Each structure stands twice: as structure tokens, then as C-alpha cells.
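Structure first, then comments.
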Amino acid sequence: DESIGEKAEQAIVAVCRRQKEEVHRADAVLTEFKLEKRSEVRIRLVHILGGIGNAPALAMLKSALQETDAGIRDAAVRALAGASDPEITKTLSVILHTFDNPVHRLLALRGLVRLLPLNMVLSGPEKLEILQQAFRRAAGAGEKKMLLSSLASLKVPKAMSLAEGYLADRELKTEAGLCVLKIAMALAATHPELAETAVRHALSFSTDESWQQQAEELLARLEKGKS
């Protein structure tokens with residue numbers, strides 16, 4: 001029974017996470033994973049490692065992406081995509097660019113969009129490069145909308161031009177406009193001219209009254225700052 005198996009996995013994760021030393025929480029499961037030969041059991045262990053989610057567990061999950069067993073690779077992708085550690089964003093980017101399975105790509109993209117804004121190790125330009133690559137790989141408006149939501153968290157001038165590039169796209173102009181506005185708000189103090197130019201550009205595409213009001217308020221603040 002699948003539900004019984006999932007409950008057993010959750011119980012094991014709960015026991016492991018009660019270990020006081022976080023770095024050792026996955027030790028027993030890691031040992032079992034290395035010794036176990038049965039595919040179905042190893043897949044269960046991958047699920048458990050994903051639930052534990054400490055650095056050694058995530059390292060093993062990254063290694064599991066290279067397994068010849070498709071079931072283990074699938075479980076590893078899903079575990080990494082659902083992880084809470086923002087530092088795995090580069091791994092998710094690699095999955096997005098190197099895995100052909102569209103489900104795996106979408107899972108990696110969702111994880112990337114969720115975790116990239118929380119990553120305190122990567123610089124703004126590094127995050128921007130990851131997103132630029134992801135946009136080139138994105139399949140359709142839905143995935144690009146997700147990426148625009150993550151792009152909006154960047155306080156990097158070049159992020160503005162990337163967002164502006166989607167203003168003329170009928171399917172993306174609303175999300176692109178919101179993205180431009182959020183970046184402009186973040187850059188208003190340090191790059192007021194860039195913020196003003198970008199918001200005025202976005203206004204020429206927007207038909208959303210609420211967005212237009214927020215944009216006008218920001219422009220008014222920028223104008224006031226000149227005096």
C-alpha cells in the first residue's frame with residue numbers, strides 16, 4: 001500500500017530529525033542507501049533523504065542524479081525540487097538545462113523560482129545569470145511568468161532590462177509590468193533615473209488600473225526626490 005509506505009517514510013524522517021546534531025541526522029539512512037541493492041528500497045530511501053534535507057542528504061541526492069536507475073533519478077529530482085535549502089539552486093539549474101524529461105524540468109524550474117530569492121550566497125549578478133539561462137530554456141508563457149516572479153526579487157539594474165524585454169508580449173505584459181515596478185521600487189534610491197525610465201516605459205503597455213496607480217505613485221516620489 002503506497003499510503004502505508006509514505007507514512008513509514010514520514011515516521012523515519014521524524015525520528016531522524018529529532019537527532020540533536022543536524023549534520024548527523026541522515027547518517028543511518030545514507031549508510032543503508034549505499035549498502036542497499038533493491039531499487040524499490042533505494043527509491044524509498046531517496047524520499048527519506050529528501051525529507052531529512054541536511055547537507056549530507058542533499059549531497060547524496062545530487063549524486064543520485066547520475067544513477068543508471070531511472071526510478072532513483074526521478075526520486076532524486078523530485079526530492080531536490082522540493083528541498084528547502086536555497087543553496088541547491090545551482091543544482092536545480094543544472095537539472096533544468098540537462099534533463100530532457102519535461103516533468104523534471106518543470107519541477108526544477110518551480111524549485112528554482114522558489115529558492116533563488118532566498119539564496120544569500122549567490123550575488124545579484126549570479127542570480128540574474130541563472131534566470132537569463134532559465135528564460136532561454138523556458139517552454140511557454142506559464143514558465144516565463146514564474147521566472148518573472150523570481151526576477152522581481154533582484155536589485156540589479158540589468159534585471160530591469162530583462163523584464164522590460166517582455167512588456168510587448170501580450171501573454172506576459174502584466175507579469176512583466178509588475179516585475180519592472182518591483183525592481184524599480186528596489187532601485188529607486190540608488191538608480192532613480194533608471195527606475196523612472198523603466199516605469200514610464202512599462203506604463204505605455206499597461207491597462208491595469210491598480211498597477212498604473214502604483215506606478216504613478218512611484219513616479220511622483222521620484223519626481224519629489226529631484227527637488
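We're numbering straight along the sequence, starting at 1. Since the model is a prediction, treat every value here as computed from it, not as a measurement.
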TODO: Over 60° means perpendicular and under 30° means parallel, so classify the ring planes of Tyr166 and Phe135, tilted if in between.
DONE: parallel
Open item on the list: A side-chain contact here means heavy atoms from C-beta on lying under 4.5 Å apart; do Asn119 and Leu115 qualify?
Closed with: no
Task: Hydrophobic cluster membership, Leu122 vs Leu162, 4.5 Å side-chain cutoff - done: yes
Task: Check ion pair Arg221-Glu217 (N to O, under 4.0 angstrom) - done: no
- [ ] Measure the spacing between CG of Leu181 and CD of Gln212 and express it to the nearest 0.5 Å.
- [x] 11.5 Å
- [ ] Could you tell me the separation between the CG atom of Leu178 and the CD atom of Gln214, rounded to the nearest 0.5 Å?
- [x] 7.5 Å
Open item on the list: So which atom in Gly50 and which in Ala79 form the shortest heavy-atom distance, rounded to 0.1 Å?
Closed with: CA-CB, 3.9 Å
TODO: May I have the step-by-step check of side-chain contact (heavy atoms from CB on, under 4.5 Å) for Arg105 and Glu143, ending in yes or no?
DONE: CA-CA 10 Å; Arg105 287 183 49 259; Glu143 293 188 3; 3.7 Å; yes
Task: Euclidean distance, Leu30 CG relative to Ile52 CD1, rounded to 0.5 Å - done: 7.0 Å
TODO: Please determine which of Thr91, Thr98, Leu96 meets the side-chain contact (heavy atoms from CB on, under 4.5 Å) test together with Val94.
DONE: Thr98
- [ ] Calculate, to the nearest 0.5 Å, the distance between atoms CD and CZ belonging to Glu9 and Arg44 respectively.
- [x] 4.5 Å
Task: Heavy-atom pair with the smallest gap, counting every atom of His97 and Gln133 - done: CE1-O, 3.1 Å
Task: Set of ring pair (Phe, Tyr, Trp, His ring centres under 6.0 Å) partners for Phe205, sequence neighbours left out - done: His201
- [ ] Taking Thr197 for its side chain and Leu194 for its backbone only, find out whether a donor-acceptor pair lies under 3.5 Å.
- [x] no
Task: Non-neighbouring partners of Asn101 that pass side-chain hydrogen bond (donor to acceptor under 3.5 Å, both in side chains), sequence neighbours left out - done: none
TODO: Compare all side-chain heavy atoms of Met60 with those of Lys34 and state whether any distance is below 4.5 angstrom.
DONE: yes
Task: Trp211 side chain to Ser206 backbone, donor-acceptor under 3.5 Å - done: no
Open item on the list: As an exercise, state the distance from CZ of Arg200 to CG of Leu219, rounded to the nearest 0.5 Å.
Closed with: 4.5 Å
TODO: Please determine if Glu67 and Arg42 form a salt bridge, counting it only when a charged side-chain N lies under 4.0 Å from a carboxylate O.
DONE: yes
TODO: Looking only at non-hydrogen atoms, find the nearest pair between Ala141 and Leu172 and report the distance.
DONE: O-CD2, 3.6 Å
Open item on the list: Quick check: closest heavy atoms across Ala195 and Ala184, and the distance to 0.1 Å?
Closed with: CB-O, 3.7 Å
Task: Any donor-acceptor N/O pair, Ser150 side chain to Met146 backbone, under 3.5 Å - done: no
Task: Closest non-hydrogen atom pair, Ala138 against Lys144 - done: CB-CG, 3.8 Å
Open item on the list: Check for me, please, whether Met185 and Val180 land in the same ILVMFWY cluster - side-chain distances under 4.5 Å, paths through other members count.
Closed with: no
Task: Shared hydrophobic cluster for Leu203 and Leu222 (ILVMFWY, side-chain gaps under 4.5 Å) - done: yes
Open item on the list: Between Leu147 and Leu151, does the side-chain contact (heavy atoms from CB on, under 4.5 Å) criterion hold? Intermediate values first, please.
Closed with: CA-CA 6 Å; Leu147 289 168; Leu151 182 65; over 6 Å; no
TODO: State, yes or no, whether a side-chain contact exists between Leu58 and Leu61 at a heavy-atom distance under 4.5 Å.
DONE: yes
TODO: Please report the closest heavy-atom contact between Thr190 and Pro192, naming both atoms and the distance.
DONE: C-CD, 3.4 Å
Open item on the list: Evaluate Ile88 against Lys62 for side-chain contact (heavy atoms from CB on, under 4.5 Å), listing each step before the verdict.
Closed with: CA-CA 9 Å; Ile88 65 162; Lys62 292 176 187 178; 4.2 Å; yes
Task: Test item: Glu21 side-chain N/O and Val23 main-chain N/O as donor-acceptor pair under 3.5 Å - done: no
Task: All pairs passing salt bridge (Lys or Arg N to Asp or Glu O under 4.0 Å) where residues 75-94 contributes a residue, at least two apart - done: Asp74-Arg78
Task: Path from Val199 to Ile183 over hydrophobic side-chain contacts below 4.5 Å - done: no
- [ ] Answer yes or no: is there a donor N or O on one side and an acceptor on the other, between the side chain of Arg17 and the main chain of Arg25, under 3.5 Å?
- [x] no
Task: Lys127 side-chain N/O to Ser153 backbone N/O, donor-acceptor pair under 3.5 Å - done: no
TODO: Calculate, to the nearest 0.5 Å, the distance between atoms CD1 and CG belonging to Ile72 and Leu65 respectively.
DONE: 11.5 Å
TODO: Would you check, one step at a time, whether the test side-chain contact (heavy atoms from CB on, under 4.5 Å) holds for Val13 with Val29?
DONE: CA-CA 10 Å; Val13 169; Val29 182; over 6 Å; no
Task: In one Ile/Leu/Val/Met/Phe/Trp/Tyr side-chain cluster, 4.5 Å: Leu49, Val15 - done: no
